Amino acid sequence: MPTAKPKIVLYWHRTDLRLHDSPALNAALSLNPTTFIPIWTWDPHYVYKSRVGPNRWSFLLESQKALSTSYSNLNPRQQLWLIREAPQSVLPKLWNAWGVTHLVFEKDEDAYARERDGAVVRLAEEAGVEVIVKSGRTLFDVDEIVRKNGGKPTMSMAQVEKAVEKIGNGVPERPIDAPSSIPDPLTRDEMDLKGVKHDGRGDVGSKSDPGTDMNADHRSTTDKQYAGIMGPKGDFGVPALEEIGIDPAEVQTPHRGGENVALELLAGYIADEEYIGRFEKPNTSPAAFEPQSTTLLSPHLHFGTLSVRKFWWDVQDVMEKRKKAKKSNASIPTNLPGQLLFREMYFAAHAAVGEPFCRTYGNPMVRFIDWHLQSKTPEDIAHGEGEGKLYEVDSDEAEVWFLRWKEGRTGFPWIDALMRQLKQEGWIHHLGRHSVACFLTRGGCYVSWERGAEVFEEMLIDHETACNIGNWMWLSCTAFFAQFYRCYSPIAFGKKWDPEGNLIRRYCPELAKFDKKYIYEPWRAPIADQRKWGCRVTGDGSSSTNEDGKIYPKPMFDFDERRTICLDAMKNAYHVGLHGNDKEVKDGSWRKAFGLDEDGKRPKKKQKT
DNA sequence: TTTCAGTTGGTCAG
DNA sequence: CTGACCAACTGAAA
């Protein structure tokens with residue numbers, strides 16, 4: 001009697017640090033594996049080529065730990081097995097060492113992930129390992145959304161709604177329960193990789209220079225992540241922050257990772273049916289803290305500790321119940337399902353455009369504006385121009401504005417409070433992001449949105465490439481949104497939500513005692529009052545004290561003046577009408593197009609092709 | 001061709 | 001709190 005061939009299934013966790021509602025995990029377990037090995041591999045592209053601050057590192061490690069514990073709870077012999085080498089390099093070694101027959105993972109449509117996963121699939125096919133890939137990070141397969149949108153990037157909610165209407169009438173599949181049991185891995189001896197050659201970070205398949213570490217500034221001790229393939233204790237464990245060179249004291253976020261945390265948070269909101277039914281994003285306060293006005297579930301969607309379909313269906317069930325009880329619900333796009341559809345829109349736009357989606361250069365869907373601090377072209381960077389900086393410093397003044405914005409010392413308390421909250425906690429409300437993004441780009445500094453997106457990439461615990469890039473395009477009026485004359489005031493907008501200035505008092509504590517009359521414009525407070533309230537408004541923010549005590553910077557420019565300058569410049573840029581893939585942008589000749597004509601008139605609007 | 005809507009502006013009058 | 005106006009964008013519908 002022939003024995004059945006063993007099924008040794010390697011499950012590769014990446015965007016899905018959960019057990020509930022995972023189509024890929026479900027597919028893996030449906031194979032009835034004789035052996036099941038759930039792994040994570042540190043991808044050097046994430047570790048060194050993406051900007052990741054301490055708060056997001058911490059959130060990721062917490063989420064990995066929670067997942068590992070969940071596996072152990074279902075099967076004491078199980079855990080999340082962390083492999084410290086690049087996937088393209090280490091996966092072939094794993095299927096040799098462990099006799100792997102199947103590789104299963106969740107589909108990831110990000111441009112880099114597609115390239116990496118494509119390489120992995122080819123290697124697996126060569127080795128005779130069967131590969132199963134399932135969509136599960138989004139409500140719908142985003143490639144399917146793109147197809148239903150005529151192959152074009154989704155540029156509006158209307159397009160997204162039409163497209164998803166053609167996929168199951170706009171209703172995603174119901175979530176799948178978490179597994180109640182998990183098969184065994186190999187024995188400890190068989191799992192051991194001591195005999196396997198370790199290639200360190202194994203930075204194969206990366207086009208970029210493996211020597212650069214974009215996160216070097218965050219590492220206070222030596223990064224030892226790639227010291228050993230099974231980790232410092234040889235147990236494939238989740239690293240401590242110290243192992244990746246991060247000082248735990250740098251982690252200040254109060255937001256916790258892990259599937260259990262996500263499901264508890266969600267359940268709490270779902271129990272509040274009024275909140276779910278009436279939720280309208282524009283009516284949630286960007287100044288609220290403890291409790292926040294929105295769900296804070298975005299980092300969990302990013303790491304996959306919460307399934308977006310579970311989120312959608314739990315909300316949908318509440319809304320159906322309310323509807324039956326004749327209670328009104330908010331509608332798309334401002335309600336909760338609408339928020340999730342915006343996520344689909346950005347994912348699908350990214351999927352349709354591919355790699356150029358993340359920048360201006362070569363991106364056909366993004367409008368070109370003559371910003372300060374433009375990105376260098378890929379050619380210039382490849383030729384090593386510009387002493388390591390990835391952007392052109394066309395204006396020293398604008399670079400100072402950018403750095404002051406990043407550090408939360410612009411002299412506009414609403415902006416500074418938000419930027420400090422972002423740095424400390426890794427999260428700010430969506431409308432807060434609007435405020436600071438508008439201020440940096442079209443409504444203040446006229447600095448390229450790409451600089452702002454890089455700062456958000458580093459600091460946000462919920463950083464999702466497609467959503468971050470898409471929202472920066474939106475706010476800078478370079479794609480998705482065009483009403484550049486709608487400009488956020490760093491004074492009036494915050495005041496509308498928080499007339500007492502409580503957000504400012506919390507994150508700019510030097511201003512805590514200021515009267516609410518001056519809290520948004522402390523430079524207007526009489527000197528005597530400034531003394532009385534224990535903070536002088538002076539200097540450029542490079543120091544937080546002087547010989548008199550605490551100081552807060554003067555505003556770095558006259559906002560009304562800057563708003564006028566930016567508005568005129570935006571008007572001109574729209575008339576020039578260049579986009580990221582135009583010849584003038586690629587060869588640098590755009591500068592000519594932005595000058596005025598000989599007779600002083602605006603240049604003719606560029607013809608659409 | 002014109003009209004109108006577009007997740008989330010600011011200001012001022014009533 | 002609501003609505004008119006500001007000066008005016010794009011894209012889809014009429």
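Not measured: the values here are computed from a predicted model. Chain A is the first sequence line, chain B the second, and so forth, proteins listed ahead of strands; every chain is numbered from 1.
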Between [options], which one does the side chain of [X] approach most closely?
X: A/Leu431; options: B/dT11, B/dT7, B/dT8; value: B/dT8
X: A/His434; options: C/dC9, B/dT8, B/dT7; value: B/dT8
X: A/Lys281; options: B/dT8, C/dA7, B/dG10; value: B/dT8

Using a 4.0 Å heavy-atom cut-off, does [X] contact any base of the nucleic acid, only the sugar-phosphate backbone, or nothing at all?
X: A/Arg442; answer: nothing
X: A/Glu280; answer: nothing
X: A/Trp497; answer: nothing
X: A/Phe493; answer: sugar-phosphate

[M] and [N], which share atom name [atom1], separated by this distance in whole Å:
N: C/dA7; M: B/dT2; atom1: P; result: 22 Å
N: C/dA8; M: C/dA4; atom1: C1'; result: 16 Å
N: B/dT7; M: C/dC1; atom1: P; result: 25 Å

Would you indicate, yes or no, if [N] has its OP1 or OP2 atom less than 4.0 angstrom from a side-chain nitrogen or oxygen of [X]?
X: A/Arg486; N: C/dC9; result: no
X: A/Arg367; N: C/dC9; result: no
X: A/Lys496; N: B/dG9; result: no

Discussion item. So if I apply the ring-ring contact (aromatic ring centres under 6.0 Å, His included) rule between A/Trp523 and each of A/Phe557, A/Phe412, A/Phe559, which one comes out positive?
Written reply: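 Of all the options given, the one that passes is A/Phe412.
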
For [X] and [N], what is the distance between atoms [atom1] and [atom2] respectively, to the nearest whole Å?
X: A/Asn572; N: C/dC9; atom1: CG; atom2: C1'; result: 15 Å
X: A/Asn283; N: C/dT2; atom1: CG; atom2: P; result: 10 Å
X: A/Leu567; N: C/dA8; atom1: CG; atom2: P; result: 7 Å

Worksheet item: Is the closest basic N to carboxylate O distance between A/Glu290 and A/Arg506 below 4.0 Å?
Response: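 Judged by the 4.0 Å cut-off on N to carboxylate O distance, A/Glu290 and A/Arg506 do form a salt bridge.
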
Discussion item. If only side-chain N and O atoms count, and only distance matters, is there a donor-acceptor pair under 3.5 Å linking A/Asp462 with A/Ser298?
Written reply: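 Judged by distance alone, the side chains do pair up.
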
Discussion item. Please tell me whether A/Thr15 and A/Glu106 have a donor and an acceptor in their side chains that are separated by less than 3.5 angstrom.
Written reply: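 Result is yes, a qualifying pair exists.
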
Discussion item. Check whether A/Arg18 reaches the backbone of A/Gly304 with its side chain - one donor and one acceptor, N or O, closer than 3.5 Å.
Written reply: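 Yes, because the side chain of A/Arg18 sits within donor-acceptor range (under 3.5 Å) of the backbone of A/Gly304.
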
Discussion item. So for A/Tyr485 and C/dA8, does any side-chain atom that can act as donor or acceptor lie under 3.5 Å from a complementary atom in the base?
Written reply: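 Side chain to base: pair present.
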
Just wondering, more than 12 heavy atoms not from [X] lying within 6.0 Å of its [atom1]?
X: A/Lys327; atom1: NZ; result: no
X: A/Lys281; atom1: NZ; result: yes
X: A/Lys310; atom1: NZ; result: no

Worksheet item: Under the criterion side-chain hydrogen bond (donor to acceptor under 3.5 Å, both in side chains), which of A/Lys376, A/Glu399, A/Arg451 is the partner of A/Tyr391?
Response: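 Result for side-chain hydrogen bond (donor to acceptor under 3.5 Å, both in side chains) with A/Tyr391: A/Glu399.
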
Worksheet entry | salt bridge (Lys or Arg N to Asp or Glu O under 4.0 Å) partners of A/Glu450, counting only residues at least two apart |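 Partners of A/Glu450 under the salt bridge (Lys or Arg N to Asp or Glu O under 4.0 Å) test: none.
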
Fill in: Structure string for DNA chain C in dot-bracket form, Watson-Crick and G-U at under 3.5 Å, | interchain
||||||..||||||

Check nucleotides 12-14 of chain C against the protein and report each pair of N or O atoms closer than 3.5 Å, with its distance, or say if there are none.
{"residue": "C/dA12", "atom": "OP1", "partner": "A/Gln159", "partner atom": "NE2", "Å": "3.2"}
{"residue": "C/dA13", "atom": "OP1", "partner": "A/Lys162", "partner atom": "NZ", "Å": "2.8"}

